[in-house]
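One structure below.
Below, chains carry the letters A, B, ... as their sequence lines are ordered, and counting in each starts from 1.
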Amino acid sequence: TQLLEQSPQFLSIQEGENLTVYCNSSSVFSSLQWYRQEPGEGPVLLVTVVTGGEVKKLKRLTFQFGDARKDSSLHITAAQPGDTGLYLCAEQIYNQGGKLIFGQGTELSVKP
Amino acid sequence: NAGVTQTPKFRILKIGQSMTLQCTQDMNHNYMYWYRQDPGMGLKLIYYSVGAGITDKGEVPNGYNVSRSTTEDFPLRLELAAPSQTSVYFCASSARDGSTEAFFGQGTRLTVV
């Protein structure tokens, strides 16, 4: 089973700061998804990356997929308190019912 | 649009009791999943199903059973509850295999005492 390592595990920053969260694997991802989870809720998909070197932007969030498809990063510019939550990366396994293998998550707290 | 609905939201069980966590989706998705989430551990896959009548084990299936008699419903059964099964359980569904969004329910917080 593929192991996904996320770092850092916890991050506490002030409003307006920038941050980067990392997701790494020892083997190649088939496709990688980033989810955000708020307390008491289920995860919600932010983005899916499939192609090595791919960059996707979602307002102040920038997602990168490594050229070798073994790592990914999420960068948030000018973080806001509304960005607070648990950020999870997950590999979707093709041909096995599309099941998701999750990293352990990065818990982000943005203080006003 | 209801999406994925889980019941109950909270439950306390005594050791050795059994219960069924209910999950239903109204999006006509073929693929459904059960995950558990423990603090600092992300989500671990318990069981999944690619369609009615078909189920398969995930990463942590021991102590659980599932069935999929209809496209809409995917109940998770706990037999002989143990403290190690204290967790938050999430049901999810997706339309097809590969690069598709998984939609999650709001979760069931289960405590076994």
Discussion item. Quick check on B:Leu45 against chain A: is it the side chain, the backbone, both or neither that has a heavy atom closer than 4.5 Å?
Written reply: side chain

Worksheet item: Which atoms of B:Gln37 come close to chain A, meaning under 4.5 Å heavy atom to heavy atom: side chain ones, backbone ones, both, or neither?
Response: side chain

Discussion item. Ring-plane angle category for B:Phe90 and B:Phe104, please: parallel below 30°, perpendicular beyond 60°, tilted otherwise.
Written reply: perpendicular

Discussion item. Given heavy-atom pairs under 4.5 angstrom as the criterion, report whether the side chain, backbone, both or neither of A:Leu86 touches chain B.
Written reply: side chain

Response to the item:
Cut-off 4.5 Å, heavy atoms of chain B, and the answer for A:Leu88 is side chain

Worksheet entry | Contacting moiety of B:Phe103, where chain A heavy atoms sit under 4.5 Å | neither

Worksheet item: Which is it for B:His29 and B:Ser94 under the side chain to side chain donor-acceptor pair (under 3.5 Å) test, yes or no, and what are the steps along the way?
Response: CA-CA 6 Å; B:His29 286 169; B:Ser94 67; 5.9 Å; no

Worksheet item: Got a sec: does the CD1 of B:Ile12 have more than 12 other heavy atoms crowding it under 6.0 Å?
Response: no

Discussion item. Any donor-acceptor pair under 3.5 Å linking the side-chain atoms of A:Gln80 with those of A:Glu15?
Written reply: no

Discussion item. For residues A:Val110 and A:Leu74: do they belong to one hydrophobic cluster (side chain heavy atoms under 4.5 Å, members Ile, Leu, Val, Met, Phe, Trp, Tyr)?
Written reply: yes

Worksheet item: chain B heavy atoms under 4.5 Å from A:Gln9: which part of the residue, side chain, backbone, both or neither?
Response: side chain

Item to complete: Under 4.5 Å heavy-atom distance to chain B, tell me which part of A:Tyr35 shows up: side chain, backbone, both or neither.
Response: side chain

Fill in: Worked verdict on B:Glu101 versus A:Thr48 for side chain to side chain donor-acceptor pair (under 3.5 Å)
CA-CA 8 Å; B:Glu101 179 175 2; A:Thr48 300; over 6 Å; no

Worksheet item: Should B:Asp56 and A:Lys99 count as an ion pair when the cut-off is N to O under 4.0 Å?
Response: no

Practice prompt. Look at B:Gly107, B:Ala102, B:Gly105 and state which one has the largest set of heavy-atom pairs under 4.5 Å with chain A.
Written response: B:Ala102

Discussion item. If I measure from the heavy atoms of chain B, does A:Gln37 come under 4.5 Å with its side chain, its backbone, both, or neither?
Written reply: side chain

